[in-house]
Each structure stands twice: as C-alpha cells, then as structure tokens.
Amino acid sequence: EKKKSTLCGKRCIVTAGATIEPIDPVRYITNHSTGKMGYAIAAALRARGAEVQLISGRTVLDTPVGVERIYVLSAEDMYREATQRFEDADIAVMCAAVADYTPAKVAEHKIKKSDDDMSIELVRTKDIAAALGAVKGDRVLVGFALESDAGVKSAQSKLKRKNLNFIVLNSLTDKGAGFGVDTNKVTFIDSNGSQSLPL
Ligand code: C5P
C-alpha cells in the first residue's frame, strides 16, 4: 500500500541511537540503545513525503533510503547538530538515548591501571529536547520516555518541562518492548491525556 504523502514539504529531524562519552582514547560510556525506533521513525516520516535528517549516535543500522544521516558521537556533538538543524525544521522527534552524564575531562592518553580503585568524575550533559523546547515556536516537538515504573506521571512532567507536543512512553517491563526488539508497546501522552496502543 502506498503511504499518503501527508508530510510532503515538511522538514524533520530525528535523533536516534546511543551517544558515546569518551573517558580516554580507548574507553567510553554508552548505553543499550540500538537506534531501531529512531531509524524506523525516520523511514516512516520519509515514506510520508518528509525531508528527513537523522542525527544518529552509535548504531549498526543502515541509513534508511532517502534519509540524510548525520553521524555523531557524544551528547555534546548531538546537541550541536540538533540545535543548528532545528532552526530550519518543522518537526523534531527525539528518539536518541542521550547520556545524562559525561566524563568531566577526557584523558589524552590511555589511563594506566594501578592496584588502587579509581573513580571518574562525571558532569551533566545538556538536555537536547529541552533546549529545542525552549525555542520551539510553532514547530512540533516529540519526545520519548523510557521508564521502568510510574511511567505516565513522570512522562507527563517531562512533557511540561521540555515543552513537548507529545511524548511516547516506552515501558522496560512490557513484553515485546525494550532494547533491540522489532516490536514496541507505547503510550502517547499529551496535555489532554494519554492513549495506550497495542503491541
Ligand atoms: O529526561 P529523559 O532522558 O527521560 O527524557 C527523554 C527524552 O528526552 C527523549 O526524547 C530523549 O531523546 C530526550 N533527551 C535529550 N537530551 C538529553 C536527555 C534526553 O534530547 N540530554
């Protein structure tokens, strides 16, 4: 079935995948995001006629046909690309699993081990979705929330805090949802309420 071109002429940015926060030239901090959700959304937006820029962290996925991919590493890189590209966008979908903390400094050389324990000082990263929300105007901004419990309440507060049009709540505990699977089970939440969809 041919998709209706309901988004013809719309410019969309989608963030997807995991960011990589370097510790030294060898090690980094990341998370389990595969990028599947964001890549599927980028492809779906394209199928409906949108012009799509996919700002992607680490992933093994191929770029969806007709989509422009911008590959980034750290949360800071993703922030820079997303805030710049948002200026000319109509729609932004924030699917990426952005690191919340990053090493305060990146060691220039591989850190040598000693017999002692060690710790790494972490500092907060910038919230990309919230930064876009602050300058949103009449653009459409969509967020995602991955919660292990009390999802709806916490997603509602993110909706407000980040000034999103709506937020898609994923549960880690639902069967068929979570990392790396081809199915998902989500709840859409906006200022009017929430709607849970089947698997
Ligand atoms: O606050 P939390 O990380 O749960 O919010 C999730 C939503 O915010 C997702 O849409 C995610 O892509 C986005 N986000 C972001 N930049 C961050 C953290 C989260 O864009 N630094």
Side-chain angles (χ1 to χ4, degrees), residues 12-22 28-42 44-45 52-59 61 67 69-87 89-104 122-137 139-174 177-180 184-191 194-195 197:
C12 305
I13 63 173
V14 178
T15 66
T19 66
I20 284 185
E21 309 301 324
Y28 56 80
I29 299 171
T30 190
N31 60 68
H32 283 301
S33 171
T34 60
K36 278 193 170 188
M37 185 81 253
Y39 275 57
I41 287 173
L45 289 167
V52 185
Q53 297 188 328
L54 177 57
I55 304 170
S56 173
R58 196 220 45 221
T59 174
L61 302 173
V67 167
R69 175 163 72 173
I70 301 97
Y71 215 63
V72 297
L73 290 173
S74 66
E76 183 64 32
D77 295 342
M78 187 174 276
Y79 175 87
R80 205 180 41 247
E81 291 293 342
T83 48
Q84 270 172 24
R85 290 166 192 277
F86 190 57
E87 287 175 22
D90 303 298
I91 299 168
V93 185
M94 314 307 286
C95 268
V98 186
D100 293 316
Y101 297 90
T102 193
L122 301 176
V123 295
R124 283 299 309 269
T125 54
K126 294 172 189 152
D127 190 313
I128 303 165
L132 302 192
V135 297
K136 187 175 69 153
R139 298 179 191 85
V140 175
L141 181 61
V142 181
F144 275 74
L146 179 65
E147 311 281 351
S148 16
D149 54 16
V152 174
K153 266 237 150 63
S154 135
Q156 275 166 338
S157 83
K158 278 173 201 176
L159 177 81
K160 283 213 190 70
R161 182 160 43 84
K162 304 191 190 209
N163 195 27
L164 308 169
N165 294 73
F166 63 94
I167 188 159
V168 185
L169 172 63
N170 289 289
S171 164
L172 260 181
T173 48
D174 279 323
F179 293 114
N184 203 0
K185 196 160 177 290
V186 302
T187 304
F188 279 66
I189 298 164
D190 69 10
S191 53
S194 70
Q195 188 186 3
L197 301 178

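First listed ligand is number 1; within each ligand, the first listed atom is number 1.
Side-chain atoms of Asn170 and Asn184 include a donor-acceptor pair closer than 3.5 Å. Side-chain contact of Tyr28 with Ser74: a donor-acceptor pair under 3.5 Å is absent, judged by distance alone.
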Name every donor-acceptor pair, under 3.5 Å, that has one atom in a side chain of residues 94-103 and the other anywhere in the protein, sequence neighbours excluded.
from, atom 1, to, atom 2, distance (Å)
Thr102, OG1, Glu21, OE1, 2.7

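In this view, Arg161 satisfies the side chain to side chain donor-acceptor pair (under 3.5 Å) rule with no residue, not counting sequence neighbours. Qualifying ring pair (Phe, Tyr, Trp, His ring centres under 6.0 Å) partners for Phe166, counting only residues two or more places apart in sequence or in other chains: Phe188.
A heavy-atom distance below 4.5 Å is not found between the side chains of Thr19 and Ile29.
Contact shell of ligand 1 (protein heavy atoms, cutoff 4.0 Å): Met94, Ala96, Val98, Thr125, Lys126, Asp127, Ile128, Ala129, Gly143, Phe144, Lys158, Lys162.
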